[in-house]
Amino acid sequence: SSIVLVFEAPDDFVWKVHAGQKVKYGEVMGD
Amino acid sequence: LADAWRDTPTKWYPLPIGIGALLLVVLNYRKNYSSKEVVVDGDGNARRGGRWGVHVLGALPLRNLSRLWGYLNSLTLPVWFRPYGFRLYAWVFGCNLDEMAEQDLKHYTSLGDFFYRSLKDGVRPIASTALVSPADGKILHFGTVEGARVEQVKGITYSLDALLGSSSPSNPVETVPFTHGNPDARKVSDEQFADVNGIPYSLDDFLGRISQTRSVEGDASVPSASPSSALDVGVRVALGSKEAPTKSSRLFFCVIYLAPGDYHRFHSPTAWVVERRRHFSGELFSVSPFVAQRLQDLFVLNERVALLGRWRYGFFSMIPVGATNVGSIKINFDQALRTNVRGRLPPPGTFREATYSGASTLLSGQPLVPGEEMGGFCLG
């Protein structure tokens, strides 16, 4: 299964993850 | 072998009429109901098409297999077997049993029950950033939506309209009535919205800049977006109108893959308001990274539930996508939703829509706070 997020955000939105990274729910993804 | 290959004459025999007729029936069935590939045109409309890879996978009865898998995993296991069986499963797939809310493995009646386990309170601290992960899993891909297309993997894109759905004369929407069937479902009154689950949230946390977004409309100083721009598509889809985008926003996307051993419930990634859901019945191809890199339009072909709404920066959507082993998607605040049900597939691109405006008249949708459990994936 997969989850896709699509959202509008300001231009200065910064991802705090990288492709292939394992994450747990509640972990930082972006800010 | 070489002599046999070279010298053995080929003799043709007529097929018995019965077998020939059966083959014709099977081929006709395949032609009518099992041509699985969907091609998305420039306007985002999905239609049947033909790449051989999809035909091969589409020929497999994946939906039936998924339901059979779900049935088998719902069978009650002998109590004595449960600790051994679940420990073996946990060892094979790398589950952390210490995180489970219910530590007694005999409590889980079936593998499906164990698969949908909940976690102890506090084992997943929720970060205080704008966006947190909605699930345990692996980041497959992320980036910005360019030209109304989302990148599945490097170099392979699919249409945002096809992913989220769009209503058009050629693609009629079946609207289903929605009621909160679950008496425990949280209904947030206008007075309560600022105190969700004991956490103080202001109206601005949920809606934020929406009012500013609207005020931009008609402002000559703001460059007008073309009708096909991704931002306009997202906002239009979410709000059901032709809202003008702001000049300093973009559409971002991220794909998270949940492996078989992962905790399979999903949570809200931010403070947002879910306004509607669109259920797309579809295929149940595997969504593993291996398949995602090879099967075009995978996330547009598979069964999924698009939850559309708003957050403080504008449009926000979350789309749980089913797969062969986990075809059932649950949404806690939408008890009427039924996925992976028996029956013929509707035409590609069509969906059933329900709106959540009754959950809160002020917010016009279902408000969610970061980390709040939203639902999950079940086996089969």
Side-chain angles (χ1 to χ4, degrees), chain A, chain B residues 124-127 129-143 145 150 160 163-164 231 234-235 245-246 248-258 263-267 269-270 287 292 299 302 304 311 313-323 325-326 329 370-371 377:
Chain A
S1 47
S2 288
I3 294 174
V4 182
L5 300 177
V6 179
F7 54 93
E8 182 186 358
D11 271 343
D12 58 358
F13 179 83
V14 178
W15 291 103
K16 308 273 187 174
V17 292
H18 56 83
Q21 178 182 339
K22 290 199 171 184
V23 290
K24 305 286 188 186
Y25 93 75
E27 272 188 31
V28 175
M29 286 191 68
D31 209 356
Chain B
R124 296 278 187 276
I126 308 301
T129 51
L131 189 74
V132 299
S133 174
D136 288 8
K138 187 162 84 170
I139 304 291
L140 273 192
H141 201 36
F142 62 88
V145 178
V150 186
L160 181 65
L163 176 73
L164 302 180
L231 196 58
V235 175
T246 58
S248 59
S249 292
R250 305 180 75 179
L251 275 183
F252 295 82
F253 76 92
C254 182
V255 184
I256 301 163
Y257 169 68
L258 286 70
Y263 166 71
H264 260 70
R265 299 190 187 205
F266 48 78
H267 298 246
T270 189
V287 291
F299 297 113
N302 267 21
R304 63 197 181 280
W311 71 329
Y313 302 112
F315 169 70
F316 196 93
S317 67
M318 179 168 162
I319 306 106
V321 183
N325 60 334
V326 280
I329 301 168
F377 297 97

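Quick note on labels: first sequence line is chain A, next is B, and so on, each numbered from 1. Values below: every heavy atom of this structure, side chains too, minus hydrogens, waters and symmetry copies.
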*Evaluate the side-chain contact (heavy atoms from CB on, under 4.5 Å) criterion for residues A:Leu5 and B:Met318: first the C-alpha distance (whole Å), next the side-chain angles of each, then the deciding distance (0.1 Å), finally the verdict.*
CA-CA 5 Å; A:Leu5 300 177; B:Met318 179 168 162; 3.6 Å; yes
*Got a second to check how far B:Asn325's CG is from A:Ser1's OG, nearest 0.5 Å?*
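Interatomic distance, B:Asn325 CG to A:Ser1 OG, rounded to 0.5 Å: 7.0 Å.
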*Give, for atom OG1 of B:Thr129 and atom CE of A:Met29, the distance between the pair rounded to the nearest 0.5 Å.*
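Reported to 0.5 Å precision, the distance equals 9.5 Å.
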Quick one: which of [options] has the most heavy-atom pairs under 4.5 Å with chain A, could you say?
options                      : result
B:Gly371, B:Ala127, B:Ala135 : B:Ala135
B:Gly143, B:Ala130, B:Ser133 : B:Ser133
B:Gly137, B:Gly322, B:Ala323 : B:Gly137
B:Phe266, B:Phe253, B:Tyr263 : B:Phe253

*asked:* What I'd like to find out is whether the side chain of A:Tyr25 reaches to under 4.5 Å of the side chain of B:Ile256, using heavy atoms alone.
replied: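 Answer no - side chains too far apart.
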*Validation row: A:Phe7, B:Thr270 side chains within 4.5 angstrom (heavy atoms)*: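 No. Closest side-chain heavy atoms not under 4.5 Å.
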*A:Ser2 to B:Phe377 - nearest heavy-atom pair and separation*: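 Reported closest heavy-atom pair: O-CZ, 3.5 Å.
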*With chain B, which of A:Gln21, A:Lys22, A:Lys24, A:Glu27 has the greatest number of heavy-atom pairs at distances under 4.5 Å?*
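Most heavy-atom pairs under 4.5 Å with chain B: A:Lys24.
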_Side-chain (B:Ser317) to main-chain (A:Val6) donor-acceptor, under 3.5 angstrom_ =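 Side chain of B:Ser317 to backbone of A:Val6: a pair is present.
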Residue [X] versus chain A: region with a heavy atom under 4.5 Å:
X        : result
B:Pro134 : both
B:Tyr257 : both
B:Ile329 : neither
B:Phe252 : both

*Any idea how B:Phe142 and A:Trp15 line up, ring-wise: parallel (<30°), tilted (30 to 60°), or perpendicular (>60°)?*
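Aromatic pair B:Phe142/A:Trp15 classed tilted.
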